[in-house]
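To start, the structure itself, in structure tokens.
The model shown is predicted, which means the values in this text are computed figures rather than measured ones. Computation of the quantities below employed the complete heavy-atom set of this structure, encompassing side-chain atoms and omitting hydrogens, waters and symmetry-equivalent molecules. Within every chain, numbering begins at 1; the chains are lettered A, B, ... in the order of the sequence lines, protein sequences first and strands thereafter.
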Amino acid sequence: MDLNTIGTPISGSFHRIDAQAKVTGRAEFGDDLILTDMLYCKGVYTKYAHAKLLSVHTEAAEKAPGVVCVVTAADIPGAKQFGELYIDQYPLVYDKARFLGDVIAVVAAETQAQADAAAKLVTAEYEELPVLGSPKEAINNEQVINPDYPTNVCGGVHVIKGDAKAAMETADVVVTGHYSTGFVEHAYIEPESVTVIPSRMRPEVTVLGSIQAPYNLRITLHRMLNLPMARITVKPSIVGGSFGGKIESAEALAVRAGLVALKTGRPAKYTLTREESIQESYKRHPIDFDVTLGAKSDGTLVALHVEALGDAGCYINMSPPVMYKTATLGPGPYKVEHVDYNAVAVLTNNPHTGSMRGFGTPQAIFALENAMDVLAAKLSMTPTELRRKNLLGNGDISPCGHKLDFHEVSIRSVMEKAAEALDFDRKYQQYSKENQDPNRRIRRGVGISVSMRGASVGADGNGFDYSRALIEVEEDGSVHVNIGLVDLGQGLRTCQGMMAADMMGVTFDRITMGETDTSRSPSTGACIASRGTFVGGAAIKSACSRIHAIIAQALQIHYGKSVADIRFSNNRVTFGDVDIPFEEAIHICYGLGMPPMAAGDNRVPVLNWDGHFGEPFYTYTYSCNAAEVEVDLDTGSVYLVKMVGSHDMGRAINPTMAEGQIYGGMAMALGMAVMEDLGHNPKTSAIKNLNLENYLLPTAMDFGETIPIIDAHPDPRSASGGRSLGEPATENGAAAIACAINHALGKPGCIHQLPADLDRVFFAANPPAGKEGR
Amino acid sequence: MQVRTYIRPASLADALHTLATVEEPIAIIAGGTDVLVYAREDDRYANSALIDIYGLAGELGQIREERDDLIIGALATHAAIAKSPLVLRYAPILADACRSIAAPQVRNHATIAGNIANASPAADSLGALAVLRAKVGVQSPEGQRELAMDQIIARPYRNNLGPRDLITYIRIPKLEGYQHMFYKLGRRRAQSISRMTLAALLKRDSQGVVEDFRITVGATFPRPMVFPDVDAMLIGIRPAQADLEAVAKALSNKIPEIAGIRASTAYKQPVCEKLCLRILNNLLGGDQQ
């Protein structure tokens, strides 16, 4: 069967449209671009994590061989800061350095080697300031990172539903625990690279490179380089992974390279080495949690109280919306009437933290699910028994007050499928028994975790959750789709094409997906928040409907008949007794001077959420991960024997690619759970593990069996039926793995700090004398 | 990569001549899996003559027997050693160690002499070579000599070779009738810098009396170590559990003794003891867990 020519393409496993170019090496990534006359940039980093910058000396670098110019913050014609929601990031240090990834000058030269050599000649004078290396130290410290936030607290969200404090008193069992997570690097395989090309005609630039959010980047260049937005064109290259990481990171490079391009009139490329990428890019928030969870003796949850403290690093970046997701999604897919969830982010001199796959939830789910296991143990219940008792169902109220009566609340089915695929309940009993034997040094354990994920941004993003697409049907009946939601490597472009074919009523081979180009694709929100398929599909559907209306009007004129029952399907247009090929209908449109073109748009409805009740999100994906591990008590090493990722993403537009997302999500979760560690020093704010030799990611050898499960229930709130998978695929995986390790150790909740590396697991299994584990 | 000159000798004789005559500081490169990484970090070779001997694998890459010894050419790759029938027969512990290094790309390219000369304390082959009592054949314009494993490395990333010395082979006495165990503890299962390695060889007679025993710990000390005092604890006896526990204790006590008390000692010392006991039990067919 040729998938390209069958009707109703949604839910077919089409080959990715970029597969051949990528596997043959022909796809052009950011740094592949080479232009005549191009300059190469190199940044000079601050010497201190926190210091007033008194002066920068660029003279020696300017005289070095091949150097064309050196730019500093003084060269920025417009605003000195940028940011998506909070304008506080400095692409070049202006007054003071706030972390070790801040750049004080950029050298541009004829070759990269010349730029690298000359960058070493830039010197500066500083006045050192005390370094705030942790949120606890930074709160209310007399040293203030950003004067607009005098306590260094830069935002937070406090969910209050019911009266958690009073309700906790009525609980039969109350468990408490402290949990914490570390910095996690996105570690996209392609480090950042941006090229800015100045126009030869007028003050205008075109920006290419590995860019996740082209429209946001345009706003930043507009504000900082004083160019009208209409004179900034952004055309992302093939992006080699992003996971939320190539938004502000790419914008900082675009500003620096843009200064060079405008100053010299020559194209300027700025590519980071892996070390520079890890040094200056933002990370996933480390978050500390104090969890109190109360239940009746039958396991019914009564109240949840969480105090969460996130490390925002030196810039606010996305911290407040990240805390929003921590607080609103952290309580999990459970029926719990009384919730007090306070998530606060604090500025420090650490690497700043922002968008990263999960956006505040992997940490929160790790904390909550471990607390659930501690509670289950106290109640002599198994992890699945306690969860079954409390999972949400149709019509229930979510922990944040959302009445879930608009779609199938499938978390029970999703969890049971995962539990069954892992054989969780049997293994839980078997391993619990086996692990009683003290001579058994290699122990097995199973863990399970559940989550609900708001699709797209939530009520905190009211107003900017829109999407648009431009579709033009050419005279031969081929369809050109332009959409600014960038394919980051996950296969989004292929999904969009499949949805366009389905919604237009043509086969997939008729669809051509344009590359994102801000001068052709209407502005749309960024490909963030697991929204690319969800809101992109809605914009495509809107455009297709408008094109159908144009075609219907033309056919009515042409045939002089009613088109009330017009249908578009499988390359045919039918109404009344007329049944013509799609291309014939298009030919008629062109003949009448009515070429079909339309911009489609979609706005997520304004969500009303007051911190207690309402709609914190529009709709949700339900997910469960179940993991089985082997833990060597003598070394602390953990091996992932088997992992199941079960998800209801509404509808899998392309099941093979959906499974790919699930596999990748598990890999990211394993990294966070057991090995990824920046080697951050809280005294100096320095990072030790600046490359992938030292910052360890899992390899294929670190996985046993992995099983993706798609348990889809199409969502009436989605144009395609599909919701989100990008973040759900990874968000609760680390929790499941940590729970499994704790089961193997026979001590629920005892691994309370991630990553659960060799040392932590070893000491949890072999507590030093006098320090018996919890 | 910046170098003063790049020289690719056509033969071993040519290489020795080059070593004798070149005036710049000398950097010898074989597979380059370490040197090229260092060159990316800084310009440390900018004033050096880079002598690339990788093309001499015909002369220096062979694995052969020489009476009671196994001779492994300096340029034998880790992959070649791991699958060599001679190594598998007479020194299988070295095959295991070579198989545990990095990932296939590196194993296919990196050479055994390079692993020794680089002198990383975490180099996986060194522990196996130490218990095998390997000798390293070194040639220089002055002549030829052999160095024991604990003599060839001074401290982390510093070998005891002179600038005009060239490792040409590794000599390993053939062993038969031995049990062996190479254990690598890493933070992940491939592409992993070892946290600790243990290498052990054991030979018993038909009565179960230990004729020979050798054990060492890698990725822990500044240079490869042999511990005749620990080895002697089992030789000549039919070990009981208490003897194995004593060996594990003695071996793990070497960590603070030699490396001093470091932040990692709290982890490494007990882990070494537990792993040592587990390995000894495995070798003696006792408790498998």
Side-chain angles (χ1 to χ4, degrees), chain A residues 113-114 116-117 120 273-275 434-435 437-444 630 632-641 667 670-671 673-677 679 689-704 755-769 771, chain B residues 1-2 33-34 36-43 46 99-107 120 122 183-198 217 219 241 248 252 262-282 286-289:
Chain A
Q114 289 170 333
D116 293 357
K120 291 175 186 154
T273 63
R274 178 63 67 183
E275 287 81 358
E434 282 177 6
N435 291 343
D437 173 7
N439 291 323
R440 181 178 284 276
R441 304 306 291 169
I442 296 177
R443 296 198 179 167
R444 291 181 286 185
E630 226 173 55
D632 188 335
L633 301 191
D634 290 345
T635 62
S637 80
V638 173
Y639 179 64
L640 184 65
V641 177
L670 178 63
V674 306
M675 64 180 80
E676 293 188 36
D677 186 350
N689 299 328
L690 285 169
N691 59 34
L692 301 183
E693 181 186 358
N694 300 317
Y695 183 84
L696 300 184
L697 301 169
T699 72
M701 297 294 286
D702 295 295
F703 282 87
D757 59 15
L758 292 176
D759 298 62
R760 287 200 178 114
V761 176
F762 179 79
F763 289 120
N766 306 275
K771 281 192 197 169
Chain B
M1 180 177 186
Q2 287 189 6
T33 56
D34 290 310
L36 293 180
V37 176
Y38 297 142
R40 184 181 163 274
E41 288 170 359
D42 53 41
D43 293 336
R99 201 177 297 115
S100 78
I101 286 175
Q105 295 93 328
V106 170
R107 293 197 289 270
S120 161
Y183 186 95
K184 170 167 174 156
L185 175 61
R187 294 178 193 272
R188 59 181 172 191
R189 295 213 164 186
Q191 292 283 27
S192 187
I193 307 289
S194 292
R195 191 81 199 278
M196 183 185 290
T197 59
L198 273 90
V217 189
Q241 190 63 24
S252 60
R262 298 150 161 252
S264 61
T265 311
Y267 173 81
K268 285 194 163 182
Q269 194 178 352
V271 168
C272 175
E273 184 177 349
K274 287 167 192 288
L275 281 177
C276 178
L277 188 59
R278 182 191 291 183
I279 287 167
L280 293 176
N281 272 314
N282 280 341
D287 183 1
Q288 290 299 311
Q289 284 290 338

Using a strict threshold of under 4.0 Å (side-chain N to carboxylate O), is an ion pair present between A:Asp702 and B:Arg188? no

Considering residues at least two apart in sequence or located in another chain, which fulfil the ring-ring contact (aromatic ring centres under 6.0 Å, His included) criterion with B:Tyr267? A:Phe762

The residue among A:Leu633, A:Thr635, A:Asn766 that forms side chain to side chain contact (heavy atoms under 4.5 Å, CB included) with B:Lys274 is A:Asn766

Looking at A:Asp632, A:Val638, A:Asp437, which one has more heavy-atom pairs under 4.5 Å with chain B than the rest? A:Asp632

Chain B contacts, top residue of A:Asn691, A:Asp757, A:Leu697, A:Val674 (heavy-atom pairs, under 4.5 Å): A:Leu697

Side chain, backbone, both or neither of B:Ile193 within contact of chain A (heavy atoms, under 4.5 Å): side chain

Could you list the residues that satisfy salt bridge (charged side-chain N to carboxylate O under 4.0 Å, His left out) with B:Lys184, not counting sequence neighbours? B:Asp124

Does any heavy atom of chain A fall under 4.5 Å from the side chain of B:Ala103, the backbone, both, or neither of them? neither

